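Some notes on the structure that comes next.
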Amino acid sequence: MTAAADTPPWTIVIHGGSGSMRRGVLSDADDAGGRAGLKAAIDAATAILSAGGPALDAVEAAIRVLEDDPHFNAGRGSVFTAEGRIECDAAIMDGATLAAGAVAGVRATRNPITLARAVMERSSHVFLAGAGADGFARAQDIESAPPEWFETAERRRQLDEILADPDAPFDSAMKYGTVGAVALDTRGHVAAATSTGGLTGKKWGRVGDSPLIGAGTYADDRACAVSCTGAGEYFIRLGVAHEITARVRLAGETIEDAADGMIAELTEMGGKGGVIVVSADGSGGWAFNTPGMYRAMATHDAPPEIAIYGDE
Ligand code: ASP
């Protein structure tokens, strides 16, 4: 028996958003910074999974790294609303129990994913929004952060550009950058987590798919775990994360076929974005219809694979 065969399988796949990232368009600094952030996040999850820790801890740990990294549109580095504020959304789901927690419009909590997990584990609810969600964080002693923690000069510049010309051609690299993680642990449980600042210049309390269980985030040990990124309005209407899970569980599709099938439906509808998936038997992967997607994967018998562009 080989050493690998003795090791119970584990898998982690993460994303840092899909969009119009192309070679030569993304600056060298953003390319390197994005890859370093993905590597740090996958390392955090790997440390937990390789020690036999839970998938839930692994996805939360990976997301916390990306939320604290200003390269990504989640936590610190989130995009601005039209009013010049930052409002974060996040969700987490446990495939073993179908327990889930989500928050939307959070403005004062450093790691929205940790707050989503607290909603799942320490409240009788699934989804809290706005000031109430931040209030729950304070009541649970979850770390807060002032507005300046979340704000970066580059995101402010992007907002100014959009406000100066709201009809300019849609640049998805500018508007997106959500982060997500899906994992299988050595006990055979899957988990999914997603966190985002949403869309640059969003108004009226707009919430996308990321924190909606079944749209941007879903996990079920009977099938797989899914996290999405892209134009949330399309992902919500297609119920992408749950439908991928249902295709695997009820129709017996592979995760590749289920993910490709939903991206084909998204494309047909006019939507752009991507998904990451880990199946309960340990296979992991992604599908996207944008030029690029920040993404990385590691398993019990393969070192981290990190990629941004569609051709790698
Ligand atoms: N899906 C996110 C939203 O619509 C955005 C993204 O993935 O970049 O809020």
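Below, each value reflects all heavy atoms present in this structure, side chains not excepted, and no hydrogens, waters or symmetry copies. Both counts, for ligands and for their atoms, begin at 1 and track the order of listing. The structure presented is a predicted model; accordingly, all values stated were derived computationally and were not measured.
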Give the contacting part of R206 toward ligand 1: side chain, backbone, both or neither, where contact means a heavy-atom distance below 4.0 Å. side chain

Can you list the ligand 1 atoms lying under 4.0 Å from a non-hydrogen atom of D209? 1 (N), 2 (C), 3 (C), 4 (O)

Connecting only ILVMFWY residues whose side-chain heavy atoms lie within less than 4.5 Å of each other, what is the rest of W204's hydrophobic cluster? none

List ligand 1 atoms under 4.0 Å from G177, heavy atoms only on the residue side. 8 (O)

When you compare ligand 1 with N73, is there at least one nitrogen or oxygen pair between them that comes in under 3.5 angstrom? no

Would you check whether T178 has a nitrogen or oxygen atom less than 3.5 angstrom from a nitrogen or oxygen atom of ligand 1? yes

Please go through L184's hydrophobic cluster and name the other residues, only I, L, V, M, F, W, Y counting, with side-chain heavy atoms under 4.5 Å joining them. V13, V182, V190, I276, V278, W286, F288, M293, M297

Evaluate G230 for polar contact with ligand 1, using N/O atom pairs at a separation under 3.5 Å. yes

Salt bridge or not for R107 and D134, using N-O below 4.0 Å? no

Is there a path of hydrophobic side-chain contacts, each under 4.5 Å between heavy atoms, that joins V240 and L98? no

Under 3.5 Å between any N/O of G208 and any N/O of ligand 1: does that happen in this structure? no

Check ion pair D68-R64 (N to O, under 4.0 angstrom): no

Return yes if a side-chain donor-acceptor contact under 3.5 Å exists between H15 and S227, otherwise no. yes

Do you reckon I244 sits in the same ILVMFWY cluster as M269, going by side-chain contacts under 4.5 Å, direct or chained? yes

For ligand 1, is there an N or O atom under 3.5 Å from any N or O atom of G232? yes

Show which atoms of ligand 1 fall inside a sub-4.0 Å distance from at least one heavy-atom site of S210. 1 (N), 2 (C)

Hey, is ligand 1 close enough to T229 that some N/O pair sits below 3.5 Å? yes

